[in-house]
Amino acid sequence: MAAETQTELTTVYQVKGMTCGHCEGAVSGEISAIPGVSSVTAVAKTGEVTVVSAAPLDREAVAAAVDEAGYELV
């Protein structure tokens, strides 16, 4: 029985302006829509957004998603 090996990449971004759970959800929702993203965890208290993806993401795509949510990628 052969196991498939899939490499996932974890990247941590800093986002400015998140203050609550609603902010976390808005940022997570927009970034989750980027093709290849498998999970997003946003933490308003630290401003950190951890993204797990199948391949490296285009920083401009992440910045655009964060901007669409109403926040700023640092």
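- Under the 3.5 Å distance criterion, with hydrogens and angles disregarded, no donor-acceptor pair is assigned to the side chains of Glu8 and Ser53.
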Residues Val15, Val74; criterion side-chain contact (heavy atoms from CB on, under 4.5 Å); working and verdict: CA-CA 6 Å; Val15 174; Val74 180; over 6 Å; no
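- To the nearest 0.5 Å, atoms NZ (Lys45) and OG1 (Thr19) are separated by 14.0 Å.
- The side chain to side chain contact (heavy atoms under 4.5 Å, CB included) test applied to Thr10 returns Thr50, Val52, not counting sequence neighbours.
- Partners of Asp58 under the side chain to side chain contact (heavy atoms under 4.5 Å, CB included) rule, at least two apart in sequence or in another chain, are Glu60, Ala61.
- At least one side-chain heavy atom of Val51 sits less than 4.5 Å from a side-chain heavy atom of Leu57.
- Nearest heavy atom pair, residue Val43 against residue Met18, reads O-CE, 3.7 Å.
- Not counting sequence neighbours, the partners of Ala65 by the side chain to side chain contact (heavy atoms under 4.5 Å, CB included) test are Glu30, Ile31, Ile34.
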Candidate pair Glu72 and Val66, rule side-chain contact (heavy atoms from CB on, under 4.5 Å), full reasoning: CA-CA 6 Å; Glu72 180 184 346; Val66 170; 5.5 Å; no
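- Counting all heavy atoms, side chain and backbone alike, Tyr71 lies closest to Cys23 at OH-SG, 3.1 Å.
- Of all heavy-atom pairs between Ala26 and Ala69, the closest is O-CB, 3.6 Å.
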Pair Arg59-Leu73, side-chain contact (heavy atoms from CB on, under 4.5 Å): steps then yes or no: CA-CA 9 Å; Arg59 184 169 173 83; Leu73 186 65; 3.7 Å; yes
